**Q** 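This is the structure, below, for whatever I ask next.
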Amino acid sequence: MNERETLKINGLGHLEIGGADAVDLAKKFGTPLYVFDEAHIRNMMRVYKKTIDEEYDGNGLVLYASKAFSCKAIYAIANEESVGVDVVSGGEFYTALSAGFPADKIYMHGNNKLLRELEFAVDNGIGNIVVDSYSEADVLDELAGKRGIKQNVLIRTNPGVEAHTHAFVQTARTDSKFGFSINDGAAEEMTKHILSKKNLVLKGYHCHIGSQIFEKQSFVLAAEKVMDFIAKMKKSSGFEATELNIGGGFGVWYTDEDPKLKLSDYADYLKALIGAVKSKAKEHKLNNPYLLIEPGRSIVGEAGITLYTVGAIKDIPGIKKYVAIDGGMFDNPRYALYQSKYTVLLADRANEKNTERVTIAGKCCESGDVIAVDVPLPEAKTGNILAVLTTGAYNYSMASNYNRNFIPAAVLVKDGKAEYIVKPQTYEDIVRNDVLPERFKK
Ligand code: LLP
């Protein structure tokens, strides 16, 4: 048990999250239900901010990557924690603004930002746009010019460092739809292009090397490569970047195949990264750039669980036992998409020993709709409450109304008390945007 531990088993043998009994939550709010522990989210934001404050004289900003989980409340928490945010669509930007989040602390990403998204961002005073194409740079320059403003931008680079969960590789040229390669001169060309734009202010560079990374060295290597590039650009064009955004990607625990990191481990990742930036700045006689990081998964991932009610149970002797839940790929598509592994348990029988291996099946009309395959569990009965752990990141944000199922509600737990941050959907919501043309009406 470490200080980030949000879960425990209480005297009733029930799973508890942030001091709230999961079985009570299921009863009160219904299932499926996303549950988030506020303290965990805040602790994660704080450790990153504190490390930048202490190790880098506060010369930087943590940007919460809101694609991991976006709703009004999370932006409000980020704002209270003096954290900025990164958004990747007009929708995320709008949600942040609706929560009163200051636009100047928002960075916008995207490999194909739409004209209407750029207009909306510029018109609402977005702090910084991370440019990822020539056409975007041209459009943005024009938009800013028409409005008589100067728009701050970063260039998304591709440092040729690719990180996988437990390893990193350096590739000469990464095949990616994102960024301009540092290795083949594309990032240099783009720098010149932006510097030629009257209405864009180039602040510096961004890179993001991947997600669910535990390898410290991959962050260090990426930071070094971009710092070398900053030095190169200073020499060749006289432009010295004042901002360096190193992206997100810090890993979280899903199953015991992953390490369970302490707050101090996350601080160590950042310290290593800061050390690399500082020593490269010294080596190249550069000023320390304003440092940005964009953690998403590590802030909300382990803060969240999903609660389901067990429904149909189908035992196919000698082959498989399916335990079906009232959710599925529409609230968590990550097994279907990536074969991601999860830890599951019975929230109302959390003390009991696992006695069998089962497949957790969703209720969607397709065989690929499973949440976890071959996972250990006590013998589940219809009506039990099943908890899937570490679902705070990329679950609600990737949910859909597939099969016209409801996207589950989300509650936020603080000091043992839960309240809605996303309301339950209704059948009315399901048909809200449907139009039945007159000619079909009798
Ligand atoms: N910054 C940029 C530019 C990114 O593309 C991402 C994630 C992040 C920050 C945040 O990375 P994190 O700290 O969360 O690893 N849907 C996938 C994850 C996609 C991540 C995309 N980019 C999943 O469910 O695993």
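As the structure is a prediction and not an experimental result, all values here were calculated from the model. Counting starts at 1 for both ligands and their atoms, following the listed order.
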**Q** Testing N403, D369, N405, D326 for side-chain hydrogen bond (donor to acceptor under 3.5 Å, both in side chains) with K363, which one passes?
**A**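 Looking at N403, D369, N405, D326, the match for K363 under the side-chain hydrogen bond (donor to acceptor under 3.5 Å, both in side chains) is N405.
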**Q** Identify, for atom 20 (C) of ligand 1, the protein heavy atom at the shortest distance, and state residue, atom and that distance.
**A**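 Scanning the protein heavy atoms, the shortest distance from atom 20 (C) of ligand 1 goes to Y394 OH, 3.6 Å.
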**Q** Suppose we measure from atom 15 (O) of ligand 1 to each protein heavy atom; which comes out shortest, and what is that distance?
**A**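 Of every protein heavy atom, S211 OG, 2.3 Å lies nearest to atom 15 (O) of ligand 1.
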**Q** With a 6.0 Å cut-off on ring centres, are Y420 and F29 close enough?
**A**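 Between Y420 and F29, the centre distance is under 6.0 Å.
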**Q** What protein heavy atom lies closest to atom 2 (C) of ligand 1? Include the residue and the distance to one decimal.
**A**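 Here the nearest protein heavy atom works out to K67 NZ, 3.3 Å.
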**Q** How about Y269 and F214: are their ring centres within less than 6.0 Å of each other?
**A**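 Between Y269 and F214, the centre distance exceeds or equals 6.0 Å.
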**Q** Considering the heavy atoms of M398, write down every atom of ligand 1 situated less than 4.0 Å from one of them.
**A**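 By the 4.0 Å cutoff, the relevant atoms are 16 (N), 24 (O).
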**Q** Identify the protein heavy atom lying closest to atom 8 (C) of ligand 1, giving its residue, its atom name and the separation to 0.1 Å.
**A**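 The closest one turns out to be H208 CE1, 3.4 Å.
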**Q** Tell me whether the centres of the aromatic rings in H208 and H109 are closer together than 6.0 Å.
**A**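 No - the distance between ring centres of H208 and H109 does not fall below the 6.0 Å cut-off.
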**Q** Taking heavy atoms and a distance under 4.0 Å, where does A65 meet ligand 1: side chain, backbone, both or neither?
**A**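 The part of A65 near ligand 1 is the side chain, not the backbone.
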**Q** Would you indicate whether K341, at its atom NZ, is surrounded by more than 12 heavy atoms from other residues, nucleotides or ligands within a distance under 6.0 Å?
**A**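 It does not: K341 NZ has 12 such atoms or fewer within range.
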**Q** With heavy-atom distances below 4.0 Å as the criterion, list the atoms of ligand 1 near G248.
**A**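 Ligand 1 atoms under the 4.0 Å threshold to G248: 9 (C), 13 (O).
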**Q** Looking at atom 9 (C) of ligand 1, what's its closest protein heavy atom, distance included?
**A**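 Residue, atom and distance for the closest contact: E294 O, 3.3 Å.
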**Q** Below 4.0 angstrom from a heavy atom of H206, which ligand 1 atoms are there? Numbered from 1 as shown, please.
**A**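 With H206 as reference, the close atoms of ligand 1 come out as 3 (C).
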**Q** Show which atoms of ligand 1 fall inside a sub-4.0 Å distance from at least one heavy-atom site of G249.
**A**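 Matching atoms, with element in brackets: 11 (O), 12 (P), 13 (O), 15 (O).
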**Q** Distance to 0.1 Å, residue and atom name: give those for the protein heavy atom nearest to atom 24 (O) of ligand 1.
**A**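 Scanning the protein heavy atoms, the shortest distance from atom 24 (O) of ligand 1 goes to R334 NE, 2.6 Å.
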**Q** Under a 4.0 Å N-O cut-off, is there an ion pair linking E54 with K50?
**A**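 Counted as a salt bridge, because a side-chain N and a carboxylate O are separated by less than 4.0 Å.
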**Q** With a cut-off of 4.0 Å, which atoms of ligand 1 are near a heavy atom of D86?
**A**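 It comes down to these atoms of ligand 1: 1 (N), 9 (C).
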**Q** Against heavy atoms of G296, which atoms of ligand 1 measure under 4.0 Å?
**A**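 This gives 12 (P), 13 (O), 14 (O) as the contact atoms.
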**Q** Please confirm whether Y205 and F229 have ring centers closer than 6.0 angstrom.
**A**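 For Y205 and F229, the ring centres are under 6.0 Å apart.
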**Q** With a 4.0 Å cut-off on N to O distance, would you call R432 and D429 a salt bridge?
**A**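 Salt bridge flag = yes for D429 with R432.
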**Q** At under 4.0 Å between heavy atoms, is it the side chain or the backbone of Y338 that contacts ligand 1, or both, or neither?
**A**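 It is the side chain that gets close, since no backbone atom is under 4.0 Å.
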**Q** Could you list the atoms of ligand 1 found under 4.0 angstrom from a heavy atom of R156?
**A**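 Under 4.0 Å from R156, ligand 1 has these atoms: 3 (C).
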**Q** Are any of the N/O atoms in P295 less than 3.5 Å from those in ligand 1?
**A**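 So ligand 1 has no N or O lying under 3.5 Å from an N or O of P295.
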**Q** Against the six-membered ring of Y394, is R297 placed for a cation-pi contact (under 6.0 Å from the centre, within 45° of the normal)?
**A**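 Because its charged atom misses either the 6.0 Å distance or the 45° angle limit, R297 does not stack over Y394.
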**Q** What do you reckon, are the aromatic ring centroids of Y34 and F69 less than 6.0 Å apart?
**A**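 Between Y34 and F69, the centre distance exceeds or equals 6.0 Å.
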**Q** Ligand 1 versus R297, non-hydrogen atoms closer than 4.0 Å: side chain, backbone, both, neither?
**A**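 Looking at R297 and ligand 1, atoms from backbone and side chain both fall under 4.0 Å.
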**Q** Run the salt-bridge test on D86 and K67 with the 4.0 Å N-O cut-off and return the result as yes or no.
**A**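 Yes.
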